[in-house]
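Just so it is clear: chains get the letters A, B, ... in the order the sequence lines come, proteins before strands, and each one is counted from 1. Everything quoted here is computed from the prediction, not taken from an experiment.
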2 protein chains.
Amino acid sequence: MILRAGNGSEIAAAMSNRRPYHHGDLRAQLLETVRALIEEKGPDGFSISEASRRAGVSSAAPYKHFRDKPEIMKAVAIAGMERLADRMEAAAQAKPEASLERLSAIGKAYIDFARAEPGIFRVMFGATIHDEDPDVQRAGRRSYGILLDAVGARLGREPTDPDVLMRAYSLWTLVHGHSFLVIDDNMPSEGARPDEDAFLDQVGRQVMDG
Amino acid sequence: MILRAGNGSEIAAAMSNRRPYHHGDLRAQLLETVRALIEEKGPDGFSISEASRRAGVSSAAPYKHFRDKPEIMKAVAIAGMERLADRMEAAAQAKPEASLERLSAIGKAYIDFARAEPGIFRVMFGATIHDEDPDVQRAGRRSYGILLDAVGARLGREPTDPDVLMRAYSLWTLVHGHSFLVIDDNMPSEGARPDEDAFLDQVGRQVMDG
DNA sequence: CCTACAAAGTGAGTGTCGCTTACATATGTA
DNA sequence: TACATATGTAAGCGACACTCACTTTGTAGG
């Protein structure tokens with residue numbers, strides 16, 4: 001959470017026991033509140049009104065920081081994508097550079113994120129709202145770049161190599177598709193789904209070595 | 001669109017130039033109208049009010065046929081799943097039983113559906129609403145069964161065989177993930193995505209033969 | 001240090017929406 | 001033909017997204 005340098009007025013207000021007229025950093029708190037609300041009630045279940053209430057401001061206040069609701073969703077989605085890329089990056093760097101483990105660690109980080117934050121994950125990918133938005137696209141491409149680099153390193157080729165592209169994209173769709181099937185578990189019934197670790201392991205090998 | 005046998009009142013009303021009090025088959029027309037609206041404006045962009053307006057009834061009429069909005073979404077999702085399964089089935093039966101072509105035809109049918117009807121595809125999978133709903137799950141499992149059978153036939157084993165399960169699930173996640181990446185194309189930029197047919201072909205082989 | 005001005009808040013109001021309630025009309029069956 | 005049931009309407013409630021006129025606060029320049 002990004003916070004501006006405090007100006008002291010909040011402290012003064014707290015001491016005199018009333019909230020300051022100016023919030024301090026409403027924009028950041030709104031994003032965090034909306035994120036939590038989406039996780040609680042789903043992407044469609046949250047309202048700007050409720051977020052305002054939780055932040056302790058009037059329902060008109062958010063419009064000083066965001067044009068409309070879709071723009072809030074977009075900001076939340078982009079923040080999610082950054083968080084996802086961070087996790088992937090951390091997972092990658094914890095494993096040797098050209099190892100298969102690095103690849104599966106990246107995949108696991110992706111799936112873990114989807115499981116931990118299914119609401120935002122859906123906002124990031126399942127929503128119509130920000131189709132073709134350049135900001136969202138750029139944020140998403142960062143994650144893809146991490147995977148491309150790892151696959152390239154594993155194969156000892158440039159990330160732009162067509163074969164690297166093909167295998168990276170295969171892995172991406174696998175993990176992406178699996179993540180979605182996990183979070184709305186309306187797909188294969190209990191017994192009809194293979195063990196997740198075995199699945200990732202085997203199919204990862206098939207894609208990388210095949 | 002399913003229509004009940006006409007009872008003649010509509011015709012009589014048309015001749016006397018006024019609409020009949022009873023609609024005829026509002027439930028079916030609502031589903032179709034909502035389907036079209038979702039495709040036009042996205043899953044969140046439609047309202048019961050607007051669907052009612054298009055159907056020429058009051059905004060309270062739909063509640064004689066559906067409990068609430070989520071139930072309409074659910075019905076639309078299930079109808080979509082049936083349509084998807086129909087397409088997959090038709091595509092499968094157009095190819096020899098144990099052939100690889102049958103598998104890729106099933107996959108293509110899936111992707112074609114997502115591309116042709118991205119709105120309902122998202123309602124079917126990307127929405128929080130009908131999580132864990134048994135009706136939706138059952139409808140979804142029909143599609144999965146078609147794939148399981150085809151993979152089983154190809155490998156000459158029972159659809160319940162663990163290896164069949166593993167490979168079928170791999171193909172499913174691949175195609176599912178790819179479909180999502182296609183419809184919100186916020187992922188790999190233009191040049192960074194492999195050719196779709198080549199991708200499906202190669203990765204299909206890797207999964208089936210690896 | 002004062003004074004504009006910009007930034008960030010408020011409160012009231014508008015139109016739409018989801019949904020309910022009370023009531024009206026059509027249909028099928030005894 | 002009468003009545004139960006299915007299916008429609010009209011009016012209204014509370015919540016929401018968003019706007020507008022206004023107020024409060026922080027800050028930059030004379």
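- Dashed line: the shortest gap from a side-chain N or O of B/Ser49 to OP1 or OP2 of C/dG18 is under 4.0 Å.
- B/Gln202 is linked by a side chain to side chain donor-acceptor pair (under 3.5 Å) to nothing, counting only residues two or more places apart in sequence or in another chain.
- Using cut-offs of 30° and 60° on the angle between ring planes, the pair A/Tyr110 and A/Phe121 is perpendicular.
- In this structure, A/His65 reaches the C/dG9 phosphate: one of its side-chain N or O atoms is under 4.0 Å from OP1 or OP2.
- Taking 4.0 angstrom as the limit, A/Arg53 places a side-chain polar atom (N or O) nearer than this to OP1 or OP2 of D/dC16.
- For the pair B/Thr173 and A/Leu181, the minimum side-chain heavy-atom distance is below 4.5 Å.
- When each of A/Val76, A/Leu37, A/Thr33 is tested with A/Phe46 by the rule side-chain contact (heavy atoms from CB on, under 4.5 Å), just one qualifies, namely A/Leu37.
- Base engagement by A/Lys64 is indicated by at least one non-hydrogen atom pair under 4.0 Å involving a base atom.
- Side-chain N/O atoms of B/Arg27 include none lying less than 4.0 angstrom from OP1 or OP2 on D/dA6.
- Here the P atom of nucleotide C/dC17 and the NZ atom of A/Lys69 are 14 Å apart, to the nearest Å.
- For the pair A/Arg67 CZ and D/dC18 P, the computed distance is 10 Å after rounding to whole Å.
- Nucleotide D/dA6 holds its C1' atom 15 Å from the CZ atom of B/Phe66, rounded to whole Å.
- By the 6.0 Å contact criterion, NZ on B/Lys95 is open, its count of non-hydrogen atoms from other residues, nucleotides or ligands being 12 or less.
- In this structure, B/Ser58 reaches the bases: a heavy-atom distance under 4.0 Å links it to at least one base atom across the strands shown.
- For B/Asp68 and C/dT20, the CG to C1' distance is 13 Å, given to the nearest whole Å.
- For B/Glu40, the CD atom sits in a packed shell: over 12 heavy atoms of surrounding residues, nucleotides or ligands are nearer than 6.0 Å.
- Between the OH atom of A/Tyr63 and the C1' atom of D/dC20 there is a distance of 14 Å, rounded to whole Å.
- Both A/Ala60 and B/Ala61 lie close to DNA chain D; mapped to their nearest nucleotides by heavy-atom distance, the more 5′-ward contact belongs to B/Ala61.
- Annotation: proximity of residues 34-41 of chain A to DNA chain C (heavy atom, distance under 4.0 Å) is found for no residue.
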